[in-house]
Protein chains: 2
Amino acid sequence: MENQKRTTIYDIAKKLNLNASSVSRALNGSSNVSEKTKELILKTAKELNYRQNSIASNLRKGENRTIGVVVPRINQNFFSNVIAGIEEVTYQKGYNLIICQSNESYQREIKCVDTLINQHVSAIFLSISADFEDNEHLKSVGEHQIKLIQFDRVDDELDTFKVLCGNEEASFEAVEHLLTQGYRRIALLEGPQNLNIFRQRKKGYLSALAKHGLSLLPELIVENAWTRELGAAATEKLLALPQPPDAIFASTSDFAALGVLDVAQARGLKVPQELGIIGFSNEAFTEITQPSITTIDQFSKEIGKNVANLYFQKLSKTASSETNKIVSIRPKLIIRGSTLRNGI
Amino acid sequence: MENQKRTTIYDIAKKLNLNASSVSRALNGSSNVSEKTKELILKTAKELNYRQNSIASNLRKGENRTIGVVVPRINQNFFSNVIAGIEEVTYQKGYNLIICQSNESYQREIKCVDTLINQHVSAIFLSISADFEDNEHLKSVGEHQIKLIQFDRVDDELDTFKVLCGNEEASFEAVEHLLTQGYRRIALLEGPQNLNIFRQRKKGYLSALAKHGLSLLPELIVENAWTRELGAAATEKLLALPQPPDAIFASTSDFAALGVLDVAQARGLKVPQELGIIGFSNEAFTEITQPSITTIDQFSKEIGKNVANLYFQKLSKTASSETNKIVSIRPKLIIRGSTLRNGI
DNA sequence: TTGTATGCGTTATCAA
DNA sequence: TTGATAACGCATACAA
C-alpha cells in the first residue's frame, strides 16, 4: 500500500475499458452516463480506493473553493470565535479554510496575503495587525480577482466589504452607564490609535463626556494599556494623581480591566463604591471575578458568521453590491458588579 | 483591473519574446538563465503583477506544502493554543495550514479527513471527536500517502505518530496531592470513557488511591461531567450522599471545577477547608477565582509545536522512524488555594 | 451514451 | 543559455 501512486480516473478507465471522460462524468454525477456503467465506475472507484485530486480539479475548473483567513492571533478568544463562526458557514457551503496568523506583525501579514493570493483562494477574510502600516498588499488582493472582506480591525481607506463591531456606540454606552452611576472622573485606557477599533472606542468615550458637559482631562487617558500588567501599571499611575479617577474604562480589553481590579484590591479600594471598572470583550473570566466585571460583548462568533454570509450573499445578488458594503454587529453592554453602586 | 485574467508565465514570455520555460526558470531562481534575462523577466513580472499559481505548480510537482489540522473545536482554549503552536513551526517551514473542526461529531470528522485527502495535503494532524466510533477513515489517510499525527485525543489502536499529554501521571499527582493535604474521600468527575484522555485520567486517580491503600468508592465517581453546569449538578449529587466527599477532582475540565466551586459557595462550604477542588487544563480563570483553583497545565502550545516538529523531523531522518513514534509532554500540577489547607 | 481532443499553469526533460 | 514538448489529473466541448 505504501509508496504507491494514487489511483486516477485513468486507472479506473483502463480497468473497465472505458474512457477517462466517462469516469469523470460518472464520478461527478453527470446525467450523460448510463446507470449501468455509472454503478460499475463507482464500484471500482471504491475498490481501487480512488480519491479525487482536488488540485487538478481546481486547476482545470479555474476555481478553488477555499477561503483564506488572516488574523493577528489564532489563540485569542475573540479571533478563535470569529473563525468558529466563519467555519460554521463555510463548511456548509463546502468551502475549505486556510488560516494564517500575522502575529500582529505587518510584515508577516503581507506574507500571509501573498501566499493566499498564490493559492488562488476565492476570498480573503482579514483583520489587520497592530502595527499595520500600509494597504498596498490589501489592494493587490482585489487586483487578483480575490474578494476581500475586512472585519473588526479594518483599514477605513480601503473600499471593501466590512464587518464591524459598533465600537463607538458601545463605548459611548459604557461611559454613559458610568455617568448614570454617578462616576464623574472617568479614566480611559486606550489602545494603539492606528487601529480603527481603538480610535472608535476613544471617540465614544469623548462624545459621552461631551454630551454630559464634562470636559476632557488629558491626564486621565493612558495609552497602550492592553494587557493585565499594563492595565495594572496604568492604574497605579492614575491612582497616584492628585485627583485620581473614580472610574476606569479599560477600552482595550478585559485583561486590562483585570489589571485595574488587581491594583484596586491590592490597595484596598472598594469596587464599585470607590472605583468603577469596565472592560471590553466579555471574556469568560469577567463573570467570575469578585466583583464581576462590567464589560462589552462583541458577539464574536456572530461576526464570523456575518463575514462568511456577506461573501456568499455577494456571490448571489449582484444588484445591491454597492449598497450593503458594511455590516455592523451591535455589541452589548453587560452590566455587572464592578460598576453597580446605585442599583440599576 | 477587474475581471481580467491573471497573468501567467506565458504572458511574460510573450511580452519578452521568450519561452515560458525560461520564465519559469528565472522565477524559480534557476542558475541556468543569464543574469540579464533574469532581471528582465523579474522586472516585467512585477510590471504585469504576476503571481505564481500554486495550484498549477503543486499539480505539476505532485506535492502540496499544506498540512490539514482537524480538531473538535477551534475556539476551545486548548485546541486554539495547539494550533498556534503548530502554526509557529509550519509557518517557518513555508507550509500552509487547512483547519477543520469536527464539532465533536464523528461523521463530520470523517468528512474533514476526506476533503483533506482530496486536497492532497502532506500531513494531517488530528485530535479525535468525542463520539469517535471507528478508525477506518484514519487508516485511509495512510493509504493515500499522507502522514497522520494524532495528538491529545488519540486512537490507541492505530499505529501512528502521537503527541500525548501525560494524563495518567498528572492525574496521579493531583490525587496524591489531595491525599497529602489530608483529604480522604476524593470524588472523581470523569469524561466519556471512549476517549483515551479520560480513561488515562481515571487510571491515575485509581492508582493513586491504590498506592495509598484507599479503596475505590463507586458512588464517588460521576460520569460525563465536563461543563460548568454538569460539574455543578454532579456536585449537588455528591454532597447529598450520606457520606459526602471531602474533595472533588474534576478530571474533565476547569469548567467542571468551576461548577463545583459554584455549588460549594452557594452552600457555604469552605474551600479548601471543607472541600478540596482540582480542575484540569489551567484555564485563565482558575487563577482568578476565590479561592484560585488548583489545576493541571498541559502546555498546549508546546504540544502543537511538538506535533509539527515530529512531522518535519520524520521527514529528515529515516533511521529512527520506528523508535520515537510517541512523544509525551509532561503536564504540571499547579497548586493553588482550592486545595491548600495545610500549606505546602 | 461514449470517445476524442484539448487545455488549466506550471515544471522537467530533452534537444538545440 | 534557451526553446520545444510533454506531463501532472481532471473536466469539458465536440464529434461519433
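Note that the structure is predicted; figures quoted are calculated from it, not measured. Reckoned from all heavy atoms, side chains included, excluding hydrogens, waters and symmetry mates.
Contact annotation: A/Ser22 side-chain N/O to C/dT1 OP1/OP2 distance is not under 4.0 Å. The side chain of B/Thr37 contributes no N or O atom lying less than 4.0 Å from OP1 or OP2 of D/dT1.
One can place CG of A/Asn19 at 16 Å from P of D/dG9, the figure rounded to the nearest angstrom. Rounded to an integer number of Å, the gap from A/Asp11 CG to D/dC8 C1' is 13 Å. Taking atom CD of B/Glu35 as the reference point, atom P of D/dT2 lies 11 Å away to the nearest angstrom. When rounded to the nearest whole Å, the span between CD1 of A/Ile41 and P of C/dT2 equals 8 Å. Between the CG atom of A/Asn64 and the C1' atom of D/dC10 there is a distance of 14 Å, rounded to whole Å. Residue B/Leu40 contributes atom CG, which lies 16 Å from atom P of D/dT1 at whole-angstrom precision. One can place NZ of A/Lys14 at 20 Å from P of C/dT2, the figure rounded to the nearest angstrom. Distance B/Asn32 CG to C/dA15 C1': 14 Å, rounded to the nearest Å.
Both A/Leu27 and B/Leu18 sit near DNA chain D, but only B/Leu18 has its closest nucleotide nearer the 5' end.
A/Glu104 is linked by a side chain to side chain donor-acceptor pair (under 3.5 Å) to A/Arg153, counting only residues two or more places apart in sequence or in another chain. Checked against salt bridge (Lys or Arg N to Asp or Glu O under 4.0 Å), A/Lys15 has the following partners two or more places apart in sequence or in another chain: A/Glu47. Listed by chain and residue number, B/Glu88 satisfy the side chain to side chain donor-acceptor pair (under 3.5 Å) test with B/Lys301 (two or more places apart in sequence, or in another chain). Not a single side chain to side chain donor-acceptor pair (under 3.5 Å) links A/Ser122 to another residue, sequence neighbours left out.
Contacts classified as ring-ring contact (aromatic ring centres under 6.0 Å, His included) and involving residues 120-160 of chain B (residues at least two apart or in different chains) are given here: B/Tyr106-B/His137. Applying the salt bridge (Lys or Arg N to Asp or Glu O under 4.0 Å) test to residues at least two apart or on different chains, none of the pairs has a partner in residues 32-42 of chain A. Applying the salt bridge (Lys or Arg N to Asp or Glu O under 4.0 Å) definition to pairs two or more places apart or across chains, those involving residues 120-142 of chain B are B/Glu136-B/Lys139.
Under 4.0 Å is where a charged nitrogen must lie from a carboxylate oxygen, and between B/Asp114 and A/Arg51 at least one such pair does.
A/Phe161 has its ring centre no less than 6.0 Å from the ring centre of A/Tyr311.
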Tabulated below should be each protein N or O lying under 3.5 Å from an N or O of nucleotides 13-16 of chain D; please produce it.
none

Every protein N/O lying under 3.5 Å from an N/O of nucleotides 8-10 of chain C:
from	atom 1	to	atom 2	distance (Å)
C/dC8	O2	A/Arg60	N	3.3
C/dG9	N2	B/Ala56	O	3.4
C/dT10	OP1	B/Tyr50	OH	2.4
C/dT10	OP1	B/Asn53	N	3.3
C/dT10	OP2	B/Ile9	N	2.8

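Using a 4.0 Å heavy-atom criterion, one finds that A/Asn17 contacts the sugar-phosphate atoms exclusively.
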